[in-house]
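It should be emphasised that the depicted structure is a prediction, and the values quoted were computed from it without experimental measurement.
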Amino acid sequence: QVWLVESGGASVQAGTSLRLSCGASRGSISTHCMGWFRQGPGKELERVATITMDGATSYADSVKGRFTASEDSAKDTLYLQMNSLKPEDTAMYYCAAYRSGMVSSCYNGHQYYKYWGQGTQVTVSS
C-alpha cells in the first residue's frame, strides 16, 4: 500500500503559475502508475495527467501545453507544474496511484487508481 500526500495548493490570479507536489510513502512511485486528477465545483472527477513507470506523460486536452507532470523517483515525489492558470482550473487536485505490471502505459480512468491522497485546493480568480 502506498500513502500519498499532496501539497502546494493555493488561491492565485489567472495567468500565474503554481506547482503541486505529491509525496509517496510506504511504497515507491517507480512501481506504480501515477496520475493527477481534479474535481471542480459541481463537476465530475477528471484526469489531468498520468506518468508511466518509464516516465512517459500524457495530459488531458484542457491542460496540454500549460501543465507539466514530473517525478523525482529518488524522493518518491510527483509534481504538477501548472502555468497560465485559468479560472476553470479551480478544483481540488488529487494524486493517485495503482500498482501496474505495464511499464510503458497507464490507464486514464480514475476507477483504476487504488491509492489516493487527500487533495489540495487550487483556486484561480480572474
Just grab all the salt bridge (Lys or Arg N to Asp or Glu O under 4.0 Å) pairs involving [range], residues at least two apart or on different chains.
| range | answer |
| --- | --- |
| residues 14-23 | none |
| residues 24-36 | none |
| residues 71-85 | none |

Intermediate values then yes/no, side chain to side chain contact (heavy atoms under 4.5 Å, CB included), S100 and M53: CA-CA 8 Å; S100 176; M53 287 192 286; 4.1 Å; yes
Is the shortest side-chain heavy-atom distance between [X] and [Y] below 4.5 Å?
| X | Y | result |
| --- | --- | --- |
| E6 | L20 | no |
| V122 | L18 | yes |
| Y93 | V48 | yes |
| L4 | C22 | yes |
| W36 | R47 | no |

Taking side-chain contact (heavy atoms from CB on, under 4.5 Å) as the test, write out the residues that go with [X], two or more places apart.
| X | answer |
| --- | --- |
| D54 | T52, A56, V103, S104 |
| E44 | none |
| T31 | S28, R99 |
| S25 | W3 |

Connected hydrophobic set around L45, excluding itself, where side chains approach under 4.5 Å: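 Its cluster partners, ordered by chain and number, are F37, M92, Y94, Y98, M102, Y107, Y112, Y113, W116.
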Identify the heavy atoms of [X] and [Y] that sit nearest to each other, and give their distance.
| X | Y | result |
| --- | --- | --- |
| Q13 | S126 | OE1-O, 3.7 Å |
| G9 | T120 | N-OG1, 2.9 Å |
| C95 | L78 | CB-CD2, 4.2 Å |

Could you pull out all donor-acceptor pairs under 3.5 Å where a side-chain atom in residues 81-88 meets a protein atom, sequence neighbours excluded?
unit_1: Q81; atom_1: NE2; unit_2: N83; atom_2: OD1; d: 2.9
unit_1: N83; atom_1: OD1; unit_2: S17; atom_2: OG; d: 2.9

Donor on one side chain, acceptor on other, T50 and S58, under 3.5 Å: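 T50 vs S58: donor-acceptor pair found between side chains.
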CE on M34 to OG on S73, rounded to 0.5 Å: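 Between atom OG of S73 and atom CE of M34 there are 10.0 Å.
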Inter- and intrachain pairs under disulfide (SG to SG under 2.5 Å), touching residues 36-75, at least two apart: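 As it turns out, there is no disulfide (SG to SG under 2.5 Å) pair with a partner in residues 36-75 once direct neighbours are skipped.
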Of all pairs that satisfy disulfide (SG to SG under 2.5 Å), the ones with a partner from residues 96-126, not counting sequence neighbours: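 Checked against disulfide (SG to SG under 2.5 Å) - neighbours excluded - the pairs reaching residues 96-126 are C33-C106.
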Contacts of type salt bridge (Lys or Arg N to Asp or Glu O under 4.0 Å), residue D89, not counting sequence neighbours: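 With neighbours one apart ignored, the set is R38, R66.
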Main-chain N/O of T68 paired with Y79 side-chain donor or acceptor, under 3.5 Å: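 No; judged by distance alone, with no hydrogens or angles, the pair does not exist.
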